[in-house]
There are 2 protein chains.
Amino acid sequence: MTDADSFSIRQMCDTYSVTPRTLRFYEQKELLFPVRLGTQRLYGKRERTRLHLILRGKRFGFSLEDIRQLLDMYDRDGSNEAQLVRTYDLAQDRLARMEAQRAELDEAISELRDQLAQGADLLARHRAVAAE
Amino acid sequence: MTDADSFSIRQMCDTYSVTPRTLRFYEQKELLFPVRLGTQRLYGKRERTRLHLILRGKRFGFSLEDIRQLLDMYDRDGSNEAQLVRTYDLAQDRLARMEAQRAELDEAISELRDQLAQGADLLARHRAVAAE
DNA sequence: GGATCGCTTGACGTTAACGTAATGTAACGT
DNA sequence: ACGTTACATTACGTTAACGTCAAGCGATCC
């Protein structure tokens, strides 16, 4: 921790439960851009939130390439309007997809709940028979 | 459509937007078990709901192996109690994970919404400047 | 000053989830 | 009978996302 609040690669790995190889891989794929102190990597606040978003994206089944585009969206310059509008549209699209995903997830959850209720029922009857 | 409501492989592909290769692959991995009429595959109602669940699972980032175990859960015999209990526990575990995922998804959605609001703001100011 | 520790950079290996190409056969129209 | 269509099997190829292994550098501990 040379400077202010920078993490070493090890601290990152421990904090986020990933391997060094994974972090270097993400860097190579231009998902992360740690500062270099000599040869070492230093991960500031920005890189940490980025990693957070990456891992979350993965849990939702997005590919790293998808995620990279999402991340790019997060820190666009906003200097020219066309660019800005394009980014905005992209984000809206993404939002719509995530809301759809949530609807589906809700459906899946309630189905699973039914399934569980049936299972509990079956178990109860099974025990009733066994107890006679 | 030889019998009652069986789908051919092509009908399946068209209905669910997958390739024949994918269906055969799922069969090889024991996720689907179409009936054979001679050499042809016939997909009944059961196989169709299974495929539906498979595709949904994929969209949530589950691996095929994960999904296979889930599917097995759906049509267990329930003959012996130990088995039944194990299945029940597994399902509860799965439910917990999905609910966690939903919470995370909600978080991600509201973050994205904030992001969008900021974007709209930036755009508005950008235009205000340009209009003077 | 030698060993260890933590990090580095290649480079090749691995697994999942299919794609693709080659070849074969069963049914069907003409 | 023949060609086309629709399906089949077998087998090798591909991409993403890392794992693993080899070899080297820089600081630190003894």
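So that the names make sense, note that chain A is the first sequence line, chain B the second, and so on, each numbered from 1.
For the pair A:Asp14 CG and C:dG6 P, the interatomic distance rounds to 11 Å; values are reported in whole Å. One can place CG of A:Leu37 at 15 Å from C1' of D:dC25, the figure rounded to the nearest angstrom. The interatomic distance linking A:Phe7 (CZ) with C:dG6 (C1') rounds to 18 Å, in whole Å. A straight line from CZ of B:Arg36 to C1' of C:dA26 spans 14 Å, rounded to a whole angstrom.
Under the rule for a salt bridge (charged side-chain N to carboxylate O under 4.0 Å, His left out), A:Asp66 has no partner lying at least two apart in sequence or in another chain. For A:Glu65, the side-chain contact (heavy atoms from CB on, under 4.5 Å) criterion is met by A:Ser63, A:Arg68, A:Gln69, not counting sequence neighbours. Judged as a side-chain hydrogen bond (donor to acceptor under 3.5 Å, both in side chains), and not counting sequence neighbours, B:Gln118 has no contacts. Remark: A:Glu107 engages A:Glu111, B:Arg56 in a side-chain contact (heavy atoms from CB on, under 4.5 Å) (not counting sequence neighbours).
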Show the distances under 3.5 angstrom between N or O atoms of the protein and N or O atoms of nucleotides 15-18 of chain C.
unit_1 : atom_1 : unit_2  : atom_2 : d
C:dA17 : OP1    : B:Leu64 : N      : 2.9
C:dC18 : OP1    : B:Lys58 : NZ     : 3.2
C:dC18 : OP2    : B:Tyr26 : OH     : 2.7
C:dC18 : OP2    : B:Lys58 : NZ     : 2.7

Every protein N/O within reach of nucleotides 3-6 of chain D N/O, cut-off under 3.5 Å:
none

* Asked: What do the steps show when you test A:Lys45 against A:Asp5 for salt bridge (Lys or Arg N to Asp or Glu O under 4.0 Å), and what is the final call?
  -> CA-CA 7 Å; A:Lys45 181 103 198 266; A:Asp5 69 331; over 6 Å; no
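For D:dC7, the OP1/OP2 oxygens have a side-chain nitrogen or oxygen of B:Ser8 closer than 4.0 Å. Phosphate proximity of C:dA11 to A:Arg24: absent, as no side-chain N or O sits under 4.0 Å from OP1 or OP2.
Under the 3.5 Å distance criterion, the side-chain polar atoms of A:Arg36 are left unmatched by any main-chain donor or acceptor of A:Leu42.
Stacking of B:Arg94 on the aromatic ring of B:Phe62 is recorded, both the 6.0 Å distance cut-off and the 45° axial limit being met. A cation-pi arrangement is present between A:Arg48 and A:Phe7 under the rule of less than 6.0 angstrom and at most 45 degrees off the ring axis.
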